[in-house]
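Notes to accompany the following structure.
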Amino acid sequence: NESQERMGFVISEKEVEKVRAIAERERAPFYVVGETTGQMDFVFEQADGQTPINLKLEDMFGKPPRMVITDNTIEEHYAAPEISEEKLQSYIENVLQVESVACKDWLTNKVDRSVTGKIARQQCAGEIQLPLNDLGVVALDFRGTTGIATSIGHAPLVAMADSEAGSVMAIAEALTNIVWAPLTDGLDSVSLSANWMWPCKNPGEDARLYKAVEACSDFACSLGINIPTGKDSLSMTQKYGDDKVFSPGTVIISAGAEVSDVKKVVSPVLVNDEKSVIYYIDFSFDSHKLGGSVLAQTLNKIGDEVPTVKDAEYFKAAFDSIQELISKNLILAGHDISEGGMITALLEMCFANTKGGLSVNLDYIAENSLVTMLFAENPGVLIQVKDRKAVEKILNDNGVGFARIATPIAERRLEINRKKEAYSFSINDMRDLWFKPSYLLDRKQSGEVCAQSRYNNYKNQPLEFAFNASFKGKFSQFGISPDRKPSGVKAAIIREKGTNGEREMAYALYLAGFDVKDVHMTDLATGRETLEDVNMVVFCGGFSNSDVLGSAKGWAGGFLYNEKAKLALDNFYKRTDTLSLGICNGCQLMVELGVMTPEHDVKPRMLHNDSHKFESGFVGLTIPENNSVMLGSLSGSKLGVWVAHGEGKFYLPKAENEYNIIAKYTHVGYPANPNGSDYATAGICSTDGRHLAMMPHPERAIFPWQCANYPADRKNNDQITPWVEAFVNARVWVEKNS
């Protein structure tokens, strides 16, 4: 059984009862299934004494015979695409709509990209949050700046023509994706995983695989990086009647590396600074070739001449140069060149903005065909820089070639010039084409109405920020510090089986000055915990009991139908010196328990999102004038925050003024209002301001590096975001009222 929800481990016999008690507290099934012996065998014995498994360990860990596979090399050749510069407009329109190039919003909007609060870089970027980032980065903890970066690369079209080049190109793409994070030891930090998917046992395919694996190994060794792990899927063949279909032999390369500073990861989003320039840096040391490109695919061709990396040492020098530029804060924005070629990368750098474009001049790149230059997928990068002198010195000192090819312009266009040739593309029109396949796929999961709304609105709902003038962005402003002694002001995290947001919430409370206690529902149900010594409780986000009965109803039942848990909660809410906060699943719980509007005859309810699917995104919130203990001082602010929920729609049956609404989605329409809540409501509060329930996750946005977008003029200076003020307000209130 390969279920990932189960794990086995070996412990000392004397620790069994301790582990059993932990498992019972967490409601995690726990079984003692065996014991170690000195017999050097592996035995599974049934209750009746039968032993269906009885193996000597030497049988499993001996020296198995080497497999010998015999195959013949088959020479295959593919026609090159026929190109014409007169068709440049149609070429880019077609390339942008191919699945491997087109927008992946339909995928990224339905997975939790903020859980743990340690996500420093996920898929989406820019003020309109489009999935353009080349890599993912996760911080190791909440207190430092180190992290782990991951990226992937693959080149199935190249591999069809040349399996060896396909392996090299897959590694190269993974590395030109991960290069945007400042790696602790540069390229030496990187380890790779190789997942092979190949239609073996078909004539010629085993020989192609052998060459591909050998090329993969040789290139990794020449770069000085390792491939300690991987996976094989070597039966990628499907029969349909008498027809046999081969999957194209592909290696998926995953790269991982330690990051020295998660705050320094470079974004692909163009900075609208007309004094900056864009440099093209080639990593391949090869001539531009259209073989294996997406353009060739759109022309129903593959091509024989495919790009590769001709000089591994030069690739290393280029990689190390980008790392040096990042460490010295010399890169404003950067994007790799891969699927779709240079023209796609240039456009994508402009897509996540609402203003500005690029003027491109390609006079200084030696290439006969403009189409080949723009659509070839030779490994390389584009970097936006301001200090040209410093950048060019580093590149020259490292022996890395470069070409200055573009400058930002105010017009919303991509202007391409080479000698007497001139082309102009509307960035907004190209972006809609790029987004269209996502819309078409999204119709299958969100329905026509929501999918159409997302397609119509995505570019018209930019994130907006408005911070109070008093906010300085420093720990010292609020008298807080990541390193402090216990304060004596206690808060309790209350969680149920399935809660997944408790650790980031605990840290947000800790940073604000609370001493934080972990309380599981089993602690309340057994009477181990009574909440008598805490002044604030927080119900965290997640999927309590797999959201049995929907919208935290199962969690609510754990309180309502358990005598000790109900008594502890009732006594807590009877006190006048207490605060409570419910986030996401916890918000659903508080609404279900009726603690938000006890005076109403018809209660609010939490319903499924209008899209009828999980919604994940970094959205804008507007904080109206309110009397909330936590958010009152943030009235008038516009902030960015994470949402991650499937049942987040506030159904508010009474008039808007009947509710103490403390946060609204900045834009009323979907997807900025991700669930269709009445009055665009993101959170409500009790009449006295003490008890607050909201669907978004402010605890996942207390540091600028956690935010998928943050004001550019502040992100390098602020230590914290305005959300910290809400938690500090809670601690100060408790100090004054207890």
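A salt bridge links E26 with R495; the closest basic N to acidic carboxylate O contact falls under 4.0 Å. Taking 4.0 Å as the cut-off between side-chain N and carboxylate O, D718 and K263 do not count as a salt-bridged pair. Salt bridge absent: K553 and E647 never bring a charged side-chain N and a carboxylate O closer than 4.0 Å.
Figure legend: cation-pi geometry between R503 and Y507 absent, as NZ or CZ is not positioned both under 6.0 Å from the six-membered ring centre and within 45° of its axis.
Under the side chain to side chain contact (heavy atoms under 4.5 Å, CB included) criterion, D429 pairs with S426, not counting sequence neighbours. V629 is linked by a side chain to side chain contact (heavy atoms under 4.5 Å, CB included) to L579, R690, W733, counting only residues two or more places apart in sequence or in another chain. The side chain to side chain contact (heavy atoms under 4.5 Å, CB included) test applied to R575 returns N535, F572, D577, T578, not counting sequence neighbours. With sequence neighbours excluded, no residue satisfies ring pair (Phe, Tyr, Trp, His ring centres under 6.0 Å) with H608.
A distance of 10.5 Å separates CZ of R605 from CG of D678, quoted to the nearest 0.5 Å. Within the model, atoms OH of Y651 and NZ of K603 stand 13.5 Å from one another, a figure rounded to the nearest 0.5 Å. Separation of atoms CD (E464) and CG (N709) is listed at 11.5 Å; rounding is to 0.5 Å. Note that NZ of K566 and CG of N562 are 11.0 Å apart. Values are rounded to the nearest 0.5 Å. For the atom pair N109 CG and S438 OG, the distance stands at 7.0 Å (nearest 0.5 Å). Taking CG of N585 as the start and OG of S551 as the end, the distance is 8.0 Å to the nearest 0.5 Å.
Here the two rings, on F467 and Y710, have centers that are under 6.0 Å apart.
Applying the salt bridge (charged side-chain N to carboxylate O under 4.0 Å, His left out) test to every pair with at least one member in residues 98-120, sequence neighbours left out, gives these pairs: D105-R454, D112-R700. Listed by first and then second residue, the ring pair (Phe, Tyr, Trp, His ring centres under 6.0 Å) pairs that reach into residues 92-111 come to none, sequence neighbours excluded.
For the 3.5 Å distance criterion, the side chains of T354 and E127 qualify, holding a donor opposite an acceptor. A side-chain donor-acceptor contact under 3.5 Å links N675 and H645. For the residue pair D442 / Y455, no side-chain donor-acceptor distance below 3.5 Å is found, with atom types taken as modelled. S686 and D688 share a side-chain donor-acceptor pair at under 3.5 Å.
Contact check for I662 versus M630: no side-chain heavy atoms found under the 4.5 Å cut-off. A heavy-atom distance below 4.5 Å is found between the side chains of F703 and I720. With a 4.5 Å cut-off on side-chain heavy atoms, I148 and L140 count as touching.
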For this session: Evaluate side-chain contact (heavy atoms from CB on, under 4.5 Å) for N468 paired with S637, printing each intermediate quantity in order.
Result: CA-CA 6 Å; N468 290 341; S637 300; 3.4 Å; yes
For this session: Would you please test D523 and K517 for salt bridge (charged side-chain N to carboxylate O under 4.0 Å, His left out) and show each step?
Result: CA-CA 12 Å; D523 298 329; K517 177 188 291 190; over 6 Å; no
Exercise. Under the side-chain contact (heavy atoms from CB on, under 4.5 Å) criterion, do D518 and R25 qualify, and how do the steps go?
Worked result: CA-CA 12 Å; D518 175 52; R25 178 175 185 256; 3.1 Å; yes
Exercise. Can you list the steps and then say if T116 with F142 is a side-chain contact (heavy atoms from CB on, under 4.5 Å)?
Worked result: CA-CA 10 Å; T116 75; F142 300 112; 5.8 Å; no
Exercise. Which is it for Y573 and S580 under the side-chain contact (heavy atoms from CB on, under 4.5 Å) test, yes or no, and what are the steps along the way?
Worked result: CA-CA 9 Å; Y573 277 109; S580 63; 2.9 Å; yes
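At least one donor-acceptor pair under 3.5 Å links the side chain of Q461 to the backbone N or O of G669. Proximity of a side-chain donor or acceptor of N609 to a complementary backbone N or O of G648 within less than 3.5 Å is detected. Under the 3.5 Å distance criterion, the side-chain polar atoms of W555 are left unmatched by any main-chain donor or acceptor of Q588.
Counting non-hydrogen atoms of neighbouring residues, nucleotides and ligands closer than 6.0 angstrom, the NZ atom of K613 exceeds 12 such neighbours. No more than 12 heavy atoms of other residues, nucleotides or ligands lie within 6.0 Å of CD1 in I152, so this atom counts as exposed by the packing criterion. Residue-environment remark: CD (E563) stays at or below the threshold of 12 foreign heavy atoms within 6.0 Å. The environment of K231 atom NZ is sparse: at most 12 non-hydrogen atoms of other residues, nucleotides or ligands sit within 6.0 angstrom.
Each of N626, N627, T687 was evaluated against N660; a single residue qualifies, N627, per the side chain to side chain donor-acceptor pair (under 3.5 Å) test.
Relative orientation of the Y659 and H600 rings is perpendicular, given thresholds of 30° and 60° on the angle between their planes.
The shortest non-hydrogen separation linking R412 to N353 is NH2-O, 2.6 Å. Taking each heavy atom of P604 and P653 in turn, the nearest pair found is CA-CD, 4.1 Å. When all heavy atoms of L132 and H335 are compared, the closest pair comes out as O-CE1, 4.3 Å. L433 and Q97 make their closest contact through O-CG, 3.3 Å (heavy atoms, listed as atom of the first residue, atom of the second, distance).
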